[in-house]
Amino acid sequence: MPELADTIAAVATPFGRGGIGVVKVSGPLAKSIARAIFIPQNPTCSFTSHHLYYGHIKEPSSNSWLDEVMLTVMRAPFSYTREDVVEIQCHSGPAVIEAILSMVLAHGARPAEPGEFTKRAFLNGRIDLTQAEAVMDLVNAQTDRAAASASHLLQGRLLNRIEDLREGLISLLMDLETAIDFPEEEIDIISYSEAAVRLRHKAIDPVSSLIEAYQHGRVYRQGIKTVILGRVNAGKSSLLNALLNESRAIVTAVPGTTRDFIEETMSIEGLPVVICDTAGIRSHADEPERLAQEKTLELLQLADLVLYVLDGSVKIHPDDLSLIELAGDKPMIIVANKCDLPPANHLDKLKEIFDSRQIAAISAVTGQGLDVLKRTIKSVVLGHHESASLPEMVPNRRQAGLLDLVRTSLLTAESALQDNLSPEFVAADIHVALGHLGAIIGETYPDEILNRIFDSFCIGK
Ligand SMILES: Nc1nc2c(ncn2[C@@H]2O[C@H](COP(=O)(O)OP(=O)(O)OP(=O)(O)O)[C@@H](O)[C@H]2O)c(=O)[nH]1
Ligand SMILES: [Mg+2]
């Protein structure tokens, strides 16, 4: 990414029509750009930091007013990026907001890359990497729980936790290094058993509980990729519509209606679920339908959960059994749809056929059984974690991967202590763990990793 010396600008609000749109500018030219394009109502205004000014943006060619705006200057270092920041609140029409952005760019700013404002906040030391990532989590949060976890991370709770861990390890390291410098007095300085207890309580256990929080809470962060699978005409699209409570997918009595898959995000019992309606499967299909079915099978590979829909009013088809087998051991719920019609099989019979699988009898048309299905989804996804309370903050996959490496090094250090190896070995493992902890908060950050993190942000954040 380019230099921090540049001034960057972007539209910070979603594209389209709306009440207010915000153009954000950050960098050394921010104030001079504001002076050049903004006519304050009060001509003597001195752009006091964090004050809101009323005025107009003037059209450069005609000198006429382009829009009526409110403008704020936030002087460095008391801003989001720690640079001079200007925010222009204008009317949010695509043409107006683009015109204002173009004027800002014409006065020396360049378009911001995705996440570049937050990247600057990180590079300028206002936030650490866990907080920068939390900004994105908060923007993406689909449920109140995901938002609460992101907010804890944003407040620096994980940063504080990592710093506590580092302090504990550094103090242990200092004691061990004294033992290395004065080998004869080793036993008097720190006993290995004491060091092992400290290592376990102060580092290994807390790291393990953070990893557990990731495993437990990851569904709340990432959403559960759920695929609705089944034979043609089973009522898959009707189920999607019923869960969404809107007529999203086309439903007809003609088998093979759905061709393109439809993905929607919803909250089921507080869980973020990304649900995908797919093309129904049948043996005799034309070319477009065959392609659609291939896509269905691709999506199945990526799914965390499968809702297998069958038409409960007709006999089970051999294709049902082979499709269910195809899903392997993925978590699955058999949804026996159309329970408003006379059933072809009693529930007990279905239980016998599908052995240990969870079964929910529903009617996508009347809504019967949908609540039970939702609760079943929750219990299948959360498994034995269901009754436990959700961790207050959930590390992301990158952080959890590094925490795993931290734990591995600490466990090696613990074994070295238990095996009475020389303190140099123990110290070396602790140094490795400290390196990984540093990477979590972004103290050491390869460019490639940083770019990957910030590239996933939206423009203007
Ligand atoms: N009686 C009854 N009919 C239903 C129910 N669910 C769906 N249907 C009907 O079954 C037919 C097929 O429904 P869809 O939702 O299009 O089925 P699908 O599985 O998406 O079908 P394809 O996209 O063709 O694979 C339609 O005529 C629906 O009205 C239900 O619960 N009860
Ligand atoms: Mg369909």
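Numbering of ligands and ligand atoms starts at 1, following listing order.
- For the residues L310, V232, N233, V335, the heavy atom positioned nearest atom 12 (C) of ligand 1 is part of N233.
- By the 30° and 60° cut-offs, the orientation of the rings of F454 relative to F457 is tilted.
- Nearest-residue assignment for atom 19 (O) of ligand 1 (options K236, R259, K338, R282; heavy-atom criterion): K236.
- Salt-bridge formation is not detected for the pair D277/K236: no Lys NZ or Arg NE/NH1/NH2 atom is positioned less than 4.0 Å from an Asp or Glu carboxylate oxygen.
- Close contacts of ligand 1 with P255, meaning ligand atoms under 4.0 Å from a residue heavy atom, involve 24 (O).
- Not one N/O/S atom of T257, from backbone or side chain, sits under 2.8 Å from the Mg ion (ligand 2).
- Here T257 has heavy atoms under 4.0 Å from ligand 1 in both its backbone and its side chain.
- Ion pair R407/D404 flagged as a salt bridge, since at least one NZ, NE, NH1 or NH2 atom sits closer than 4.0 Å to an Asp/Glu carboxylate oxygen.
- Atoms of ligand 1 found under 4.0 Å from any heavy atom of A234, numbered from 1 in the order shown, are 19 (O).
- When each atom of ligand 1 is checked for a heavy atom of S237 under 4.0 Å away, the hits are 15 (O), 18 (P), 20 (O).
- Looking from atom 6 (N) of ligand 1 to the surrounding protein, the closest heavy atom is N337 ND2, 3.1 Å.
- Within the 4.0 Å heavy-atom cutoff, V309 does not count among the residues contacting ligand 1.
- Annotation for ligand 1: atoms under 4.0 Å from non-hydrogen atoms of L341 are 1 (N).
- For atom 1 (N) of ligand 1, the nearest protein heavy atom (residue, atom name, distance) is D340 OD2, 2.9 Å.
- Counting heavy atoms of neighbouring residues, nucleotides and ligands inside a 6.0 Å radius, atom CZ of R290 exceeds 12 of them.
- Proximity of L239 to ligand 1, defined as any heavy-atom pair under 4.0 Å, is not found for any part of the residue.
- Protein heavy atom closest to atom 14 (P) of ligand 1, with residue, atom name and distance, is S238 OG, 3.6 Å.
- Y308 and D320 are linked by a side-chain donor-acceptor pair at a separation below 3.5 angstrom, with hydrogens and angles left out of the test.
- Among protein heavy atoms, atom 4 (C) of ligand 1 sits closest to V365 CG2, 3.5 Å.
- Looking at heavy atoms from C-beta onward, I204 lies in side-chain contact with E414 at the 4.5 angstrom threshold.
- Closest to atom 28 (C) of ligand 1, if we only count protein heavy atoms, is V251 CG1, 3.6 Å.
- Among all protein heavy atoms, the one lying closest to atom 11 (C) of ligand 1 is T252 O, 3.5 Å.
- Residue contact annotation: T258 places an N/O/S atom under 2.8 Å from the Mg ion (ligand 2).
- Under the 4.0 Å criterion applied to side-chain N and carboxylate O atoms, R110 and E116 are assigned as salt-bridge partners.
- Closest protein heavy atom to atom 31 (O) of ligand 1: A364 N, 2.9 Å.
- Regarding atom 17 (O) of ligand 1, its nearest protein heavy-atom neighbour is G235 N, 3.1 Å.
- Each of the atoms 24 (O) of ligand 1 lies under 4.0 Å from some heavy atom of V254.
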Working for side chain to side chain donor-acceptor pair (under 3.5 Å), residues Q155 and S151 = CA-CA 6 Å; Q155 288 165 43; S151 155; 3.1 Å; yes
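- A 4.5 Å side-chain heavy-atom check between E83 and N124 finds at least one atom pair inside the cut-off.
- Atoms of ligand 1 found under 4.0 Å from any heavy atom of G280, numbered from 1 in the order shown, are 25 (O).
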